[in-house]
**Student:** 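Sharing a structure below in structure tokens format, with a few things to ask.
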Amino acid sequence: QLQLVESGGGLVQPGGSLRLSCAASGFTLDNYAIGWFRQAPGKEREGVSCISGSGGRTTYGDSVKGRFTVSRDNAKNTVYLQMKSLKAEDTAVYYCAAVRGYYSINIVSWCSSGAVATDYWGQGTQVTVSS
């Protein structure tokens, strides 16, 4: 079965940190760009961060620049999102997604599009930032 599985979400106080993981099963991530997207209640899906297949290129949403870091370990078939200095407004369900082809090269466009033409989605993991 081809799927992405997120983990690492939870409840954290403002200013705290979390690391999300996105593991692929049934396929290898090498040829896929991976993106982290989030959706809060009543809001549209937002591109948080995206990374190219090789890991050589990354992009971040303006609201998370300087606080979040995306990385990947293709040997482990896993992508990570390190989140620091978390704020209440970071509260959302976080999803990872995989894309190949045109958008795997044009990750800025893909990330800002809200993940158009995505090949695979994870089930999501809840991140809640609250005191």
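For the numbers below, each heavy atom of this structure counts, side chains included, while hydrogens, waters and symmetry mates do not.
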**Student:** Hey, do the aromatic rings of Trp110 and Phe37 have their centres closer than 6.0 Å?
**Tutor:** yes

**Student:** Supply the members, apart from Ile105, of the Ile/Leu/Val/Met/Phe/Trp/Tyr cluster built from side-chain contacts under 4.5 Å; use none for a lone residue.
**Tutor:**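 Grouped by the 4.5 Å side-chain rule, Ile105 forms a cluster of one, so the answer is none.
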
**Student:** Determine, step by step, whether Asp119 and Phe27 satisfy the side chain to side chain contact (heavy atoms under 4.5 Å, CB included) criterion, reporting the C-alpha distance in whole Å, the side-chain angles of both residues, the deciding distance to 0.1 Å, and the verdict.
**Tutor:** CA-CA 12 Å; Asp119 291 289; Phe27 68 106; over 6 Å; no

**Student:** Let's go through Arg38 and Tyr94 carefully: what are the C-alpha distance in whole Å and the side-chain angles of both, what is the deciding distance for side chain to side chain donor-acceptor pair (under 3.5 Å) to 0.1 Å, and is it a yes or a no?
**Tutor:** CA-CA 4 Å; Arg38 67 186 182 187; Tyr94 284 69; 2.8 Å; yes

**Student:** Contact between Val5 and Gln123 at the side-chain level, heavy atoms closer than 4.5 Å - yes or no?
**Tutor:** yes

**Student:** Below 4.5 Å, heavy atoms only, C-beta onward: do Val48 and Tyr60 meet side chain to side chain?
**Tutor:**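 A side-chain contact under 4.5 Å is absent here.
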
**Student:** Considering all heavy atoms of both residues, which atom of Ser112 and which atom of Ser109 are nearest to each other, and what is their separation?
**Tutor:** OG-O, 3.2 Å

**Student:** Any chain of hydrophobic side-chain contacts (each under 4.5 Å) joining Ile51 to Tyr120?
**Tutor:** yes

**Student:** With sequence neighbours excluded, what pairs up with Arg57 under the salt bridge (Lys or Arg N to Asp or Glu O under 4.0 Å) test?
**Tutor:** none

**Student:** What distance do Ser49 atom OG and Met83 atom CE have between them, rounded to the nearest 0.5 Å?
**Tutor:**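 Reported value, rounded in 0.5 Å steps: 11.5 Å.
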
**Student:** Provide the closest heavy-atom pair for Ser130 versus Pro14 in the form atom of the first, atom of the second, distance.
**Tutor:**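 Closest heavy-atom pair between Ser130 and Pro14: C-CD, 3.6 Å.
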
**Student:** Are Trp36 and Val99 joined in one hydrophobic group, where the rule is that I, L, V, M, F, W and Y side chains link up if heavy atoms are under 4.5 Å apart?
**Tutor:** no

**Student:** Quick one: do Tyr32 and Val116 end up in the same hydrophobic cluster if we chain Ile, Leu, Val, Met, Phe, Trp and Tyr together by side-chain heavy atoms under 4.5 Å apart?
**Tutor:** no

**Student:** For Ser85 versus Arg67, what's the shortest heavy-atom pair and its separation?
**Tutor:**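 Taking Ser85 first and Arg67 second, the nearest heavy atoms are O-NH1, 2.9 Å.
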
**Student:** Evaluate the side-chain proximity of Thr69 to Thr58: yes if any heavy-atom separation is below 4.5 Å, no if none is.
**Tutor:**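 A side-chain contact is absent here, since even the closest heavy-atom pair is not under 4.5 Å.
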
**Student:** Measuring only between side-chain heavy atoms, which start at C-beta, is Ser21 closer than 4.5 Å to Glu6?
**Tutor:** no

**Student:** Cut-off 3.5 Å, side chains only: do Glu46 and Ser63 have a donor facing an acceptor?
**Tutor:**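 Present: a donor and an acceptor within the cut-off.
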
**Student:** To the closest 0.5 Å, what do you measure between CZ (Phe68) and CD (Gln82)?
**Tutor:**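 These two atoms lie 9.5 Å from each other.
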
**Student:** Mind checking salt bridge (Lys or Arg N to Asp or Glu O under 4.0 Å) for Lys65 and listing every partner two or more places apart, or none if nothing turns up?
**Tutor:** Asp62

**Student:** For the atom pair CG (Asp30) and CG (Asn77), what is the distance rounded to the nearest 0.5 Å?
**Tutor:** 7.0 Å

**Student:** Going by the disulfide bond (SG atoms under 2.5 Å apart) test, which pairs reach into residues 100-131, not counting sequence neighbours?
**Tutor:**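 Sorted result for residues 100-131: Cys50-Cys111.
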
**Student:** Can you list every pair that meets disulfide bond (SG atoms under 2.5 Å apart) and has a residue in residues 6-41, with sequence neighbours left out?
**Tutor:** Cys22-Cys96

**Student:** Going from OG on Ser131 to CG on Leu11, what distance comes out if it is rounded to the nearest 0.5 angstrom?
**Tutor:** 9.5 Å

**Student:** What's the shortest heavy-atom distance between Ser52 and Gly56, and which atoms?
**Tutor:**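 Residues Ser52 and Gly56, closest heavy atoms: OG-N, 3.3 Å.
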
**Student:** Hydrophobic clustering (ILVMFWY, side-chain heavy atoms < 4.5 Å, transitive) - are Val79 and Tyr95 grouped together?
**Tutor:** no

**Student:** What closest approach, in Å, do Thr78 and Leu29 show between heavy atoms, and which atom pair accounts for it?
**Tutor:** N-CD1, 4.0 Å

**Student:** Do Tyr103 and Thr118 come close enough that some side-chain heavy atom pair is under 4.5 Å?
**Tutor:**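 Not touching, per the 4.5 Å side-chain cut-off.
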
**Student:** Please say whether more than 12 non-hydrogen atoms of neighbouring residues, nucleotides or ligands are located less than 6.0 Å from CD in Glu89.
**Tutor:** yes

**Student:** Same cluster or not: Ile34 versus Leu2, using hydrophobic residues (I, L, V, M, F, W, Y) connected whenever any side-chain heavy atoms lie under 4.5 Å apart?
**Tutor:** yes

**Student:** Quick one: pull up OG1 in Thr91 and NZ in Lys43 and give me the separation to the nearest 0.5 Å.
**Tutor:** 9.5 Å

**Student:** Can you list everything that forms a side chain to side chain contact (heavy atoms under 4.5 Å, CB included) with Val12? Sequence neighbours excluded, please.
**Tutor:**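 Val12 satisfies side chain to side chain contact (heavy atoms under 4.5 Å, CB included) with Leu18, Leu86, Val129 once adjacent residues are dropped.
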
**Student:** Can you tell me how far the CG atom of Asp73 sits from the OH atom of Tyr80, to the nearest 0.5 Å?
**Tutor:**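 Here the rounded value is 5.0 Å.
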
**Student:** At their closest point, which heavy atom of Ala33 faces which heavy atom of Ile107, and how far apart are they?
**Tutor:** CB-CG2, 3.7 Å

**Student:** So do Thr125 and Leu20 actually touch side chain to side chain, heavy atoms under 4.5 Å?
**Tutor:** yes

